[in-house]
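Throughout, numbering of the chain's residues begins at 1 and tracks the sequence. Every number for a ligand or one of its atoms is a count from 1 in the order of the listing.
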Amino acid sequence: MALDKPYLDVPGTTIFDADQSRKGYWLNQFCMSLMKAENRARFKADEDAYLAEWPMTDEQKAAVRARDLNWAMRTGGNIYFLAKLGATDGLSFQQMAGSMTGMTEQQYRDMMIAGGRSPEGNRVVGEQGDAQGPVSQSAAWKAWQEAEAQQALADAVESADAAAKGKASGHARITASVFSSHVPAIGAAVDHGKTGEPYWAPMFKGYDFSKQWMKENTPDVIFLVYNDHATNFDLGVIPTFAIGTAAEFEPADEGYGPRPVPVVKGHPRLASHIAQSVIQQDFDLTIVNDLKVDHGLTVPMNLMFGSPAEWPCQVIPFHVNVVQYPVPSGARCFALGQAIRRAIESYDEPLKVQIWGTGGMSHQLQGPRAGLINAEWDNRFLDRLIADPKDLSTMPHIDYVREAGSEGIELVMWLIARGAMADVADVAGGKAPKLVHRFFHVPASNTAVGHVILENQS
Ligand code: DHB
Ligand code: FE
């Protein structure tokens, strides 16, 4: 099922959506760099040299050189970013907008003075209005298109070849959910070769099964729900839910130096698809392209994969604010999981996707009550997570805080992963997932470690 893009047939209009943003990322970031006077001066002094510093496509660079804004938008540019280029040339917004219409500056100004362009005939492609094209086009863009037409012919032959070879088709599926605590000290034990010490060995033993299971069930992509711990996000910006849509995410320096773990490779296409689908289901996600990942993400990766030179699959980081109240409710997280499932299952590529919920279990890192552990409550949480997550999702925050400690609130994130499983009634109505592993251990640093693996059966 394709995403809902009802705006594609509005004439003479490009809506800047997640796909456009992905395409235009470096073009728009280049434009943004022109916000600095010193960069504007360098660009003006030598355009080619300045453009060479940016990993834009050749076409994007050509569109910038031609100052062809319609062309630049075709390659992913957004008008508010492109306006920095116009501003560098001393143009007003009216001059920039007018330059895309095929009118002279004076004609466009006169049209605006006369009341602006009418929507009549300009609502849907194929009507008879005055915005139905052709678009104004620089000679450079025309030449580019001619060359491109030649290439398209060659590509068509190649894709017919691929189709003949029976390229796999189908949609993405959520195969399993994994739940695990994340504790910085676990990362330190891995990094300093202490996993065999008496303090740590019993904790790591609980993940021996998981590592083997992961080898046999490596997905293509992990949708990894975690919380950033005042690492990437400071108090300048506090997103409630944030999805990482970049190609790579480096391990963050949390004050001890970056962990010596591999760079996380993202899945920009699937992540953008999920962002668009989930936002269209009324969950307001923050989209993040510039993100360093902290122990909340890297420690569960070590627990499940050990310490390989490269992570064996792609990862979409998904951050949930559990640092500053109000944090999202369990019910909201559970419903979000269902929306994420719909999004993933509507992606037209047969990817195997796991969804992970990390953080928890009981722990309190602050105040005279620090060190709180409630093993009985934690185990009851695991029972309910497995067997009756809908009921569990109605539990208010205050219960987490009182019973599992102030930082035990991280457990709400597990409900996102659980909500994405096949048995959650109003999504798929599939069979209950198979419990393949359950583990509980106290302590890891200040925390009770809980870990569950559930496999979808349908
Ligand atoms: C600890 C646990 C956490 O979840 C965390 O984010 C930081 C520290 C701990 O137990 O030390
Ligand atoms: Fe944490």
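Closest non-hydrogen pair, G244 versus I316, comes out as O-CG2, 3.7 Å. The shortest non-hydrogen separation linking S406 to Q364 is N-OE1, 3.2 Å. For D220 against C313, the heavy-atom pair with the smallest separation is O-CB, 3.4 Å. Here the shortest heavy-atom pairing between N302 and K211 reads O-CE, 3.9 Å. The minimum heavy-atom distance between A72 and L27, with the atom names listed, is O-CD2, 3.5 Å.
Counting protein heavy atoms only, atom 8 (C) of ligand 1 is closest to P184 CD, 3.3 Å. Nearest non-hydrogen protein atom to atom 9 (C) of ligand 1 is N446 ND2, 3.3 Å.
Proximity to H229 (heavy-atom distance under 4.0 Å) selects the following atoms of ligand 1: 6 (O). Interface of H295 with ligand 1, defined as ligand atoms under 4.0 Å from a residue heavy atom, comprises 5 (C), 6 (O), 7 (C). Per-residue contacts place A444 under 4.0 angstrom from the following atoms of ligand 1 (heavy atoms of the residue considered): 10 (O). Applying the 4.0 Å criterion to heavy atoms of V183 picks out, from ligand 1, the atoms 1 (C), 9 (C), 10 (O), 11 (O). Taking a cut-off of under 4.0 Å to the non-hydrogen atoms of T447, the atoms of ligand 1 that pass are 1 (C), 2 (C), 9 (C), 10 (O). Each of the atoms 2 (C), 3 (C), 4 (O) of ligand 1 lies under 4.0 Å from some heavy atom of H363. Atom numbering of ligand 1 starts at 1 in the shown order; those under 4.0 Å from a heavy atom of S445 are 9 (C), 10 (O), 11 (O).
Ring-centre distance between F30 and W26: not below the 6.0 Å cut-off. Taking the six-membered ring wherever Trp is involved, the centroid distance between the rings of H182 and Y226 does not fall below 6.0 Å.
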Give the C-alpha distance, both sets of side-chain angles, the deciding distance and a yes or no for side chain to side chain donor-acceptor pair (under 3.5 Å) between Y207 and S180. CA-CA 10 Å; Y207 286 82; S180 175; 2.8 Å; yes
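The part of E410 lying near ligand 1 is the side chain, judged by heavy-atom distances below 4.0 Å.
Residue contacts with ligand 1 leave out E407, since none of its heavy atoms falls under 4.0 Å from the ligand.
Side-chain contact check for Q338 versus Q281: every heavy-atom pair is 4.5 Å or farther apart.
We find that K61 and D48 are not joined by a salt bridge, their nearest charged nitrogen and carboxylate oxygen being 4.0 Å or further apart. Between R438 and D383 a salt bridge is recorded (basic side-chain N to carboxylate O distance below 4.0 Å).
Of all protein N/O/S atoms, those under 2.8 Å from the Fe ion (ligand 2) are H182 NE2, H229 NE2, E410 OE2, and waters are not counted.
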